[in-house]
Amino acid sequence: MSNVAEIPALSAFFTAAFLLLGSTLTLIGSLGLLRLRSFYERVHAPTLGTTLGVGCIAMSSIVYFSTSAGQVAFREVLIVLFVTITTPITLMVLVRAALFRDQTEGQDASRASIESAPRPRE
Amino acid sequence: MKLLPYPIASAIFLGFWLLLNQSLSTGQFLLGASMALIGGWGLAALEQPKARPRRPLAILRLALIVSADIVKSNIAVACIIIGFGRRERRPGFVDIPLELRDPYGLTLLACIITSTPGTLWVKFEEPAGTLTIHVLDLVDKAEWISTIKSRYEQPLLEIFA
Amino acid sequence: MNALLVYAIVFAQISLGIAMICAAYRILRGPRAQDRILGLDTLYVNAMLMLLVFGIKSGSTLYFEMALVVALLGFVGTVALAKFLLRGEVIE
């Protein structure tokens, strides 16, 4: 069914554990996109996937390839670093754009009403 | 023209090159070193302000605090999304007056605040030095301000003094 | 123990697939443009993680390069789209 290499039990356990943890967190983060009500709440949801989700899955990949290839491989650190540096830029520009659009269109989602309303609707 | 205008950036460049090529052979090392040299000159042409990080111990301690906070707030936000302990939640914006002015310190603070789920960097206004963040679960504004200032800004002020 | 790893890989693939469906739903439904871009941002991160899991499943290190390219292009794409929303033009 898949050609997963035979690796020692301990590292297989750690690979599996990090995979389960990372994919579950990413799934919860993406479910947050559906469950949270307003845009400003939803913006927080993907950060689950981009922090611990990416970190755990990269970690499991590091453990797996380090034991199966026989040499220490931690290239996945690059992906973690890259995602950590770029996520703030994307989200910052996106939130600013959302604020700008809400303010120019004079919607009820302008700053004052967000602060006073307990749960703004879409 | 200095040979190594940005030693830290060049070292990071070389490290990335070796990581991507997965080897420590002499050839790759020489190639990476020459790329790092050229990259350093390219950065010098851009005339970026220089970063002067101090106190490696403070950096290490900040890194530990931030990783612990990332794990903690990941769990907190996951609970909010799943709906554990359902209660009235107030998302909102918080304005924080900052003393930090170093561009690299501010960049690092932006990465830290965005990387901890539940808080998000919105904007920083230069002359007054007010930072606006958005918080998913806002209970007490004053508490958030003092947390950000004492937990992250103080070490960053120490590092980029 | 390797059977556990195989099941974990299947679980990770299924849950990342569901996560991608959630993100795609947000892209399709909106309601506003910023929601769609947020969905796209989540979608590319999930796709990148899916590629890493594929890499573990097939035992090939080639998937790492693919994941890196997806991360690079996804970042540039979402920032360009968000910048477009901010000003109405990408290059000023």
Side-chain angles (χ1 to χ4, degrees), chain A residues 21 24-25 27-56 65 69 71-78 81-96 98-99 111-112 114-120, chain B residues 12 15-24 63 66-84 86-95 106-125 131-138 141:
Chain A
L21 198 62
T24 311
L25 273 173
L27 176 60
I28 292 174
S30 303
L31 279 178
L33 280 185
L34 303 188
R35 285 186 56 102
L36 298 176
R37 305 233 185 124
S38 74
F39 172 76
Y40 297 100
E41 288 173 85
R42 280 198 286 268
V43 171
H44 292 282
T47 48
L48 246 72
T50 56
T51 53
L52 268 194
V54 171
C56 285
F65 283 111
Q71 64 165 11
V72 181
F74 48 101
R75 293 196 295 183
E76 284 77 4
V77 172
L78 284 179
L81 273 179
F82 184 77
V83 170
T84 314
I85 293 171
T86 55
T87 313
I89 304 172
T90 316
L91 293 185
M92 187 180 73
V93 177
L94 198 55
V95 171
R96 253 191 224 174
L99 274 176
R111 267 192 78 148
I114 287 174
E115 282 174 350
S116 58
R119 278 201 162 195
Chain B
I12 292 173
F16 276 8
W17 181 271
L18 293 176
L19 260 183
L20 266 178
N21 284 299
Q22 293 267 46
S23 80
L24 281 173
V66 169
S67 359
D69 284 357
I70 287 176
V71 174
K72 252 188 281 175
S73 49
N74 258 291
I75 296 168
V77 173
C79 287
I80 287 176
I81 290 173
I82 295 172
F84 272 159
R86 187 175 276 283
R87 62 188 163 81
E88 202 62 7
R89 193 160 44 72
R90 294 172 61 108
F93 292 88
V94 184
D95 287 323
L106 286 170
T107 312
L108 212 51
L109 188 62
C111 282
I112 292 172
I113 287 180
T114 312
S115 298
T116 47
T119 51
L120 201 67
W121 177 286
V122 178
K123 62 181 172 196
F124 178 71
E125 266 149 23
L131 161 70
T132 309
I133 64 171
H134 185 262
V135 182
L136 181 59
D137 192 4
L138 184 64
K141 272 190 187 186

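In the text below, chain A, chain B and the rest are named by the order of the sequence lines, each starting its count at 1. Note that this is a predicted model, so its numbers are computed, not measured. When reading the values below, keep in mind they use all heavy atoms of this one structure, side chains included, and skip hydrogens, waters and symmetry mates.
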Examine whether an atom of B:V135 lies under 4.5 Å from a heavy atom of chain A, and if so say whether it belongs to the side chain, the backbone or both; otherwise answer neither.
backbone

About how many Å separate CG of B:N74 and CG of A:L21, when rounded to the nearest 0.5 Å?
9.0 Å

Checking A:R75 side chain against B:L19 main chain: does a donor-acceptor pair fall under 3.5 Å?
no

Among B:N21, B:V71, B:T119, residue most engaged with chain A (heavy-atom pairs, under 4.5 Å)
B:T119

What distance separates B:K123 NZ from A:M92 CE, expressed to the nearest 0.5 Å?
12.0 Å

Which region of B:T107, side chain (C-beta onward) or backbone (N, CA, C, O), has a non-hydrogen atom less than 4.5 Å from a non-hydrogen atom of chain A, or is it both or neither?
neither

Do other residues, nucleotides or ligands put more than 12 heavy atoms under 6.0 Å from the CZ atom of A:F82?
yes

Among B:C111, B:G118, B:A110, who wins on heavy-atom pairs under 4.5 Å with chain A?
B:G118

Using 30° and 60° as the class boundaries, would you call the ring planes of B:F93 and A:Y40 parallel, tilted or perpendicular?
perpendicular

Reported CD1-to-CG distance for the pair B:I113 and A:L91, which is rounded to 0.5 angstrom:
13.0 Å

Separation between CG (B:D69) and OG1 (A:T51), nearest 0.5 Å, reads 12.0 Å

Residues A:R96 and B:V122: closest non-hydrogen pair is NE-O, 3.4 Å

Taking every non-hydrogen atom, the tightest pair across A:E41 and B:P91
CG-CG, 3.7 Å

Test: salt bridge (charged side-chain N to carboxylate O under 4.0 Å, His left out). Region: residues 43-56 of chain A. Which pairs qualify, not counting sequence neighbours?
none

A:L81 versus chain B, heavy atoms under 4.5 Å apart: side chain, backbone, both or neither?
side chain

Here the gap from A:L36 atom CG to B:I81 atom CD1, rounded to the nearest 0.5 Å, amounts to 5.5 Å

Inter-residue atom distance A:R35.CZ - B:I80.CD1, 0.5 Å rounding
11.5 Å

Quick check on the interface: out of A:L25, A:T47, A:I89, A:T87, who has the most heavy-atom pairs with chain B under 4.5 Å?
A:T47

If you count heavy-atom pairs within less than 4.5 Å of chain A, which of B:L18, B:T116, B:V77, B:L20 leads?
B:L20

Non-neighbouring partners of A:T84 that pass side chain to side chain contact (heavy atoms under 4.5 Å, CB included), sequence neighbours left out:
A:V80, B:S115

